*Asks:* 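Please read through the structure below; I'll follow up with questions.
Note that these values count all heavy atoms, side chains included, but never hydrogens, waters or copies made by symmetry. All values derive from a computational prediction rather than experimental measurement.
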Amino acid sequence: MTVVVVGAGPAGLTLANILRAASVDCVVLETESREFIEQRPRAGFLEEWAVRALERRGLAGRLLEHAQVHTECEFRSAGQRHRFRYGELSGHRHFVYPQPLLVTDLVRAYADVADGDIRFGVRDVALHDIDTDRPAVSYTDPGTGERVRIDCAAVAGCDGARGVTRAHLGAEQVTVARRDYGIGWLALLAEAPPSSDCVVFGLHPRGFAAHMARSPQITRYYLECPPGDDPGNWPHDRVWSELHARLAADGAPPLTEGPIVERRVLDMHNYVVEPMSHGRLYLAGDAAHLTAPIAAKGMNLALHDAFLLGDALVAYAADGDESGLRGYSAACLPRVWQYQEFSQWFADVLHGASSGDPFEAGTADARLRRLLGSPTGAAAFAELYIGKNADT
């Protein structure tokens, strides 16, 4: 039995490692180079359940050695600072470990340690016969220019929102539920030490802002901006002026400035593909669902998919047990929708002050006061923020 994994992100590489450890034949196809995927800036917050699941599978050694641990976040609103100690309330914490580092670890474990088959730089990937028991994937070899066909038992679509696997499924096979927030976030990476020991959410009439540590030398910042805005509209001085203004609060330490090494505008939207499988094609990660980076859920959901799909494929390969594959989509979707609901709720809190709508601003402020002032509200927020009991 051979499984073709399309896409070498966290979902695809985690799945490939699970299959390799169980001696299931697996081929990973990736359109980019190894150097590219190991350097591509992406998410950095892992929930504790995900880290423990990686640890049980022997995939968290460097993560546990090097990751920072966060148990608090801070809201800044109307010039005031409000610490929120979700670790005390939930008993769980976040691990700060940038996605490129996790991808590097997973590639090394699969390709270098386990001698797994991963093919970089492939072109023109196409899927065939996924409605049958004999699907196949073809691609153009970057070295020879020849078409290569791999016959397989299953295809795992882990190639993201714009990948070929999701595009292969039409409206007659899946539905796509979508939520567009009508706002943009300017995503920034600064070569500057973090200015706080935790994530900071700035709720400001001029727009939302956020501070998130990535390493002792690198900080991720976000600034709310118009959707589709040109990153070129945000030179160094404007970026830092807005960050200082939107994250200002009494007693807050000053921001440490540094060169901006990445600027990109993210249009805030979420979607869910349902079901997450069709025939012998199984979608995972951003190919199946997207959550805007509002609550740092995307990489965690991708890992959840990979764990479930990996175990289902191993059971099928070992015993012919198809129950896990048949139930894969239904097993994934409760957590997917829980994270989507929380993302939408949190977006309303974070963007109410800048909405220009007095009613939205008022309800957002009421929600913030409830999670900061009500023990029951605080406990509920903490569990959702850290992903505890998300499947229930």
*Asks:* Can Arg179 be said to sit on top of Trp345's aromatic six-ring, NZ or CZ under 6.0 Å from centre and within 45° of the ring axis?
*Replies:*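 Negative - Arg179 is either too far from the ring of Trp345 or too far off its axis.
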*Asks:* Are His289 and Asn270 linked by a side-chain donor-acceptor pair shorter than 3.5 Å?
*Replies:* no
*Asks:* Gln340 and Thr291: side-chain donor and acceptor closer than 3.5 Å?
*Replies:*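 Judged by distance alone, the side chains do not pair up.
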*Asks:* Using side-chain contact (heavy atoms from CB on, under 4.5 Å) as the criterion, point out the one residue from Arg214, Arg264, Arg263 that pairs with Leu189.
*Replies:*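 Among Arg214, Arg264, Arg263, the one that satisfies the side-chain contact (heavy atoms from CB on, under 4.5 Å) with Leu189 is Arg214.
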*Asks:* Do the numbers put Arg149 on top of the ring of Tyr139, so that NZ or CZ is under 6.0 Å from the six-membered ring centre and no more than 45° off the axis?
*Replies:*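 Judged by the rule (NZ or CZ under 6.0 Å from the ring centre, within 45° of its axis), Arg149 is not positioned above Tyr139.
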*Asks:* Any side-chain donor-acceptor pair under 3.5 Å between Asp105 and Tyr97?
*Replies:* yes
*Asks:* For a quick check under 3.5 Å, do Ser138 and His128 share a side-chain donor-acceptor pair by atom type?
*Replies:*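 A pair is found: one side chain offers a donor N or O, the other an acceptor, under 3.5 Å apart.
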*Asks:* Measure from the side-chain N and O atoms of His351 to the backbone N and O of Ala347, and report whether any donor-acceptor pair falls under 3.5 Å.
*Replies:* yes
*Asks:* Is the closest side-chain donor-acceptor distance between Tyr86 and His94 under 3.5 Å?
*Replies:*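 A pair is found: one side chain offers a donor N or O, the other an acceptor, under 3.5 Å apart.
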*Asks:* Taking atom types as modelled, is there a side-chain donor on Asp267 or Trp185 under 3.5 Å from an acceptor on the other?
*Replies:* no
*Asks:* Using distance alone, with no hydrogens and no angle criterion, decide if Thr71 and Arg93 have a side-chain donor and acceptor under 3.5 Å apart.
*Replies:* no
*Asks:* Working note: Phe120 + Phe36, criterion ring-ring contact (aromatic ring centres under 6.0 Å, His included); need CA distance, chi angles, decisive distance, verdict.
*Replies:* CA-CA 10 Å; Phe120 292 103; Phe36 180 88; over 10 Å; no
*Asks:* Can you tell me which residue pairs pass the side chain to side chain donor-acceptor pair (under 3.5 Å) test with a partner in residues 244-254, sequence neighbours excluded?
*Replies:*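 Matches after skipping sequence neighbours: Gln80-Asp250, Glu242-Arg246, His244-Glu257.
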*Asks:* What I want to check is whether the side chains of Ser323 and Asp321 have a donor and an acceptor closer together than 3.5 Å.
*Replies:*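 Short answer, yes.
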